[in-house]
Visitor: 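First the structure, then my questions, so here it is.
Both ligands and their constituent atoms are indexed starting at 1 by order of listing.
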Amino acid sequence: MTERMRVALGQFNEMTHERLTFAKQIGVSGVQMNTPLLPDEDGYWKYEDLKRIKDRCDSYGLRLEALENTPSRFYNKAMLGLPGRDEQIENYQKTLRNMGKAGIPMLGYNWMPNGVWRTPHKKGRAGVTVTSFDSAEIDSAPLVAGVRTLDILEGRTISHDEMWENYRYFTQAVLPVAEEAGVKMAIHPDDPPVPELGGVAHLFYSFENYKKAMEEVAPSPNHGIEFCMGCFSEMINNDVIGAIRYFGERGKIFYVHMRDVQGCVPSFQECFLGEGNFDPVMAIKALKETNFDGFIIDDHVPKMIDDTDWNHRGHAHATAYILALVDAVYKLC
Ligand SMILES: [Mn+2]
């Protein structure tokens, strides 16, 4: 029998008493950290620092499920195929080895050299603030996330062929080390999932390209998908449930971001679970039916009335919604 899927709290960068207590009070079994604030002046994470956060998490009775995203400058030259990438790759290998030694089993990563792009926020249900993307606004509106122009490229653009080659070069160097170290690597979709932004080609904007990455370019038992339901929902032809079934049946869903949007590229806005493009009950049911045994976190969440900078209210709502869905699906399906 496979292990039951779990729910974790995540998307914070410091292992504070407040955040760990909040996770315990909500009732999750573990946590994920996004771009943890660790000393990184040498371009990689050190064993002692990783062990410290792992031990702290353990001391609260929580499972440290994953670290998600190193700083982009750990591997930006690798993504863009620039001189200096081999040194970055050596350092990335050190991070993987140190994570394995510290007992941290998963590294989420992305292949977005210029970040997540969002146009100005919109209002959702009863006035909550949600993030949004509208390609018609890219040129006129200030971007609220992402980098419009990468100085490091000095005006060059990057084609799809170059990007695939850079990706192949990177994964061929790091995945064998991940396997040795006992660490899994999980790739997040491009957000927004469009073929190109700011002259930089995207890879992870379609179901087909995920298939190509997992089955042809970078196959490894330690390589899988950080399945962001929100991003798969943002894609054109956004068959979220179909993608869960396809990759789930092949054991390629390593962990899940559960959020949703209304609309898809070229224009969408985020929303509460249950009012977006996919049915959250059917999504959890599909995970269970494909024997998913990893963890789920929410992701970015709507900012509710009187919410904090980190959106505690939004995270509590989404996480409790997911916990209840998982319980219901195990009892009823
Ligand atoms: Mn996500």
Visitor: Take the Mn ion (ligand 1) and tell me which protein N, O or S atoms are nearer than 2.8 Å.
Guide: H188 NE2, C228 SG, H257 ND1, D299 OD2
Visitor: For residues 139-152, dump all side-chain donor-acceptor pairs below 3.5 Å to protein atoms at least two apart in sequence or in another chain.
Guide:
unit_1: R148; atom_1: NH1; unit_2: I138; atom_2: O; d: 2.9
unit_1: R148; atom_1: NH2; unit_2: I138; atom_2: O; d: 3.2
unit_1: R148; atom_1: NH2; unit_2: A141; atom_2: O; d: 3.0

Visitor: Please answer whether the main-chain N or O of I305 pairs with a side-chain N or O of R313 as donor and acceptor at a distance below 3.5 Å.
Guide: yes
Visitor: Please tabulate, one pair per line, all N/O donor-acceptor pairs under 3.5 Å involving side-chain atoms of residues 325-333, not counting sequence neighbours.
Guide:
unit_1: D327; atom_1: OD1; unit_2: R4; atom_2: NH2; d: 2.7
unit_1: Y330; atom_1: OH; unit_2: M5; atom_2: N; d: 3.0

Visitor: Please collect all ring-ring contact (aromatic ring centres under 6.0 Å, His included) contacts where either partner lies in residues 171-202, sequence neighbours excluded, each pair once.
Guide: H188-H257
Visitor: Could you tell me whether the side chain of N114 and the main chain of L197 form a donor-acceptor pair under 3.5 Å?
Guide: yes
Visitor: Does any donor atom in the side chain of E65 or Q32 lie under 3.5 Å from an acceptor atom in the other side chain?
Guide: no
